[in-house]
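Take a look at the structure below.
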Amino acid sequence: MKLFAAAVVIASYIANVTAHATFQQMWVNGVDQGSYCVRLPVNNNPVTSVTSNDIACNAGAAASANLCSVKPGDKITVEMHQQPGSRTCTQEAIGGAHYGPLIVYMAAVSNAKTAVGSDAGWFKVSEIGLVSNNPNYYGSQVLNNNCGHYTFTLPAVKPGNYLLRAEVIALHVASSVGGAQFYMSCFQLNVTGSGTGSPSTVKLPGAYGASDPGILYTLWMSSKSYTIPGPSSVYGSTSPTPVTTAYPTTATWNTSLQPTTVPTTPVATAIPAA
C-alpha cells in the first residue's frame, strides 16, 4: 500500500509539471529539412481523446505548402522539442517523466498538401516501446538520449504522396481512462522510387481505444512487458524485445553537430553520423 500511495503522489506531482512537446523537424539521410514539410500544431499541448479527429495530426495543425522528397531505403529522422522552434540538446525533448512509446505511421493520400488525416488509412512503419525492464526504459527516453531525434528506414512503399505521423504517447498519468497524453505531428511526403508496398491500414480515430492495454497503463508499477497501441503488424521496424539489463544512454545521434536554428528550406549537406 505504501508503494502504491507513493506512486499516486508521484503521478499527481508529475501531472502538474509542464513538459509538453511537439515533433517539429525532419531529416532525410542526415540532411536537415527543418520544418519544411511539417504540419505544426498550434501549441505543444497533448491530445487526450482517442475518439477526436485531432488524434490523427493534432489540434489546429495547418497544412504545409511543401513536400519533403524521400524514397524507399532513406533514413528518416523525426525531431521533437518542448518549445516551438527549439533545437536545444540541453533540455529533454519531452520532459516531466513523460515516458512511453514512440510510433511512426504513414498514410497514402492523393495530395499530401490537402489530405485530411482523420480520413486517411494509416499503417505503422516503426515503433519503440519498452526497451528494458531492469529498470524500465521507454522509447521516449531513448528519444531524449538523442536530443529528440528518432531514425527509421523508409519501407518500400509505392510512389506517391503520403502523410507521415510521428507520435509519443506519454503514460505518466495513464492509470485512469483519459489520462494518456498523445503528442503527434504529421509531415507531408512525396515518395519516389519503385516500391510496391501497399500495407493494410487502420483509421485514426479508430485504431486506439481508451482502455487498450498500452493506453490505460500504470507506468509506475514496473511492468516487465508493454503492449504498444495500434495495429500489431508493422510494415517496417518493430520494437525490440525488452532487455533485462540497464539500457545504454549513449546517443546514437551526433548531438555535437545539432543545429541551433531551423532552416526555411532543406539544407545542402548531411551531418556526419555519431
Side-chain angles (χ1 to χ4, degrees), residues 23 25-39 56-57 63-64 66-80 101-129 131 139 142-143 146 149-169 184-204 206-208 228-241 252-254 266-274:
F23 284 100
Q25 295 94 19
M26 173 182 280
W27 302 69
V28 179
N29 297 324
V31 176
D32 190 3
Q33 311 293 299
S35 301
Y36 186 67
C37 63
V38 66
R39 297 182 173 187
C57 288
S64 170
N66 307 304
L67 303 176
C68 288
S69 181
V70 298
K71 62 184 184 302
D74 281 349
K75 298 296 185 182
I76 309 299
T77 302
V78 288
E79 183 178 342
M80 171 179 261
L102 189 158
I103 312 171
V104 182
Y105 291 82
M106 290 178 67
V109 294
S110 59
N111 185 338
K113 296 179 182 180
T114 60
V116 177
S118 57
D119 292 340
W122 297 91
F123 56 94
K124 279 185 185 177
V125 295
S126 190
E127 61 182 11
I128 181 169
V131 293
V142 178
L143 185 75
N146 288 279
H149 298 77
Y150 178 73
T151 301
F152 66 97
T153 301
L154 192 81
V157 295
K158 291 180 177 179
N161 276 203
Y162 287 80
L163 295 178
L164 184 148
R165 176 182 180 273
E167 169 186 53
V168 162
I169 305 176
M184 79 294 293
S185 292
C186 289
F187 298 81
Q188 301 171 179
L189 306 182
N190 182 52
V191 177
T192 61
S194 56
T196 59
S198 182
S200 59
T201 62
V202 296
K203 291 291 189 179
L204 290 166
Y208 294 163
I228 297 176
S232 58
S233 60
V234 181
Y235 193 70
S237 56
T238 58
S239 185
T241 301
T252 55
W253 180 262
N254 197 337
V267 302
T269 58
I271 66 168

How long is the span from the [atom1] atom in [X] to the [atom2] atom in [Y], to the nearest 0.5 Å?
| X | Y | atom1 | atom2 | answer |
| --- | --- | --- | --- | --- |
| F123 | S233 | CZ | OG | 10.5 Å |
| N111 | Q188 | CG | CD | 8.5 Å |
| T77 | M26 | OG1 | CE | 9.0 Å |
| L163 | L204 | CG | CG | 11.0 Å |
| Q25 | F187 | CD | CZ | 7.5 Å |

[X] (side chain) donor-acceptor with [Y] (main chain) under 3.5 angstrom:
| X | Y | answer |
| --- | --- | --- |
| N66 | Y36 | yes |
| E167 | R165 | no |
| N146 | V142 | yes |
| T201 | G121 | no |
| K124 | P231 | yes |

Show your working on side-chain hydrogen bond (donor to acceptor under 3.5 Å, both in side chains) between S64 and K113 and close with a plain yes or no. CA-CA 6 Å; S64 170; K113 296 179 182 180; over 6 Å; no
Would you indicate whether the side-chain heavy atoms of [Y] and [X] approach each other to under 4.5 Å?
| X | Y | answer |
| --- | --- | --- |
| T192 | P159 | no |
| W122 | M106 | no |
| V28 | K75 | no |
| V191 | P72 | yes |
| L102 | E127 | no |

Taking ring-ring contact (aromatic ring centres under 6.0 Å, His included) as the definition, give me every residue that meets it alongside W27, ordered by chain and number, with sequence neighbours left out. H149, W253
Nearest heavy-atom neighbours spanning [X] and [Y]:
| X | Y | result |
| --- | --- | --- |
| A273 | N254 | O-ND2, 3.6 Å |
| G230 | Y105 | CA-OH, 3.8 Å |
| G117 | C57 | CA-SG, 4.1 Å |
| P101 | G129 | CB-CA, 4.1 Å |

Verify the distance criterion only: is there a donor paired with an acceptor across the side chains of D74 and T153 at less than 3.5 Å?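 Judged by distance alone, the side chains do not pair up.
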Have S126 and Y150 got a donor and an acceptor in their side chains that come within less than 3.5 Å?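 The answer is yes; a qualifying pair exists.
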Apply side-chain contact (heavy atoms from CB on, under 4.5 Å) to the pair I228 and I103, showing each step before the final yes or no. CA-CA 8 Å; I228 297 176; I103 312 171; 3.6 Å; yes
Option from V125, L154, L189 for which side-chain contact (heavy atoms from CB on, under 4.5 Å) with I76 holds: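 It is L154, the one option of V125, L154, L189 that forms the side-chain contact (heavy atoms from CB on, under 4.5 Å) with I76.
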Check side chain to side chain donor-acceptor pair (under 3.5 Å) between N190 and all other residues, then give those that pass, not counting sequence neighbours.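 N161.
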Could you please spell out the steps behind the side-chain contact (heavy atoms from CB on, under 4.5 Å) verdict for C37 and L67? CA-CA 5 Å; C37 63; L67 303 176; 5.5 Å; no
Sorted by chain and number, sequence neighbours left out, salt bridge (Lys or Arg N to Asp or Glu O under 4.0 Å) with R39 holds for none
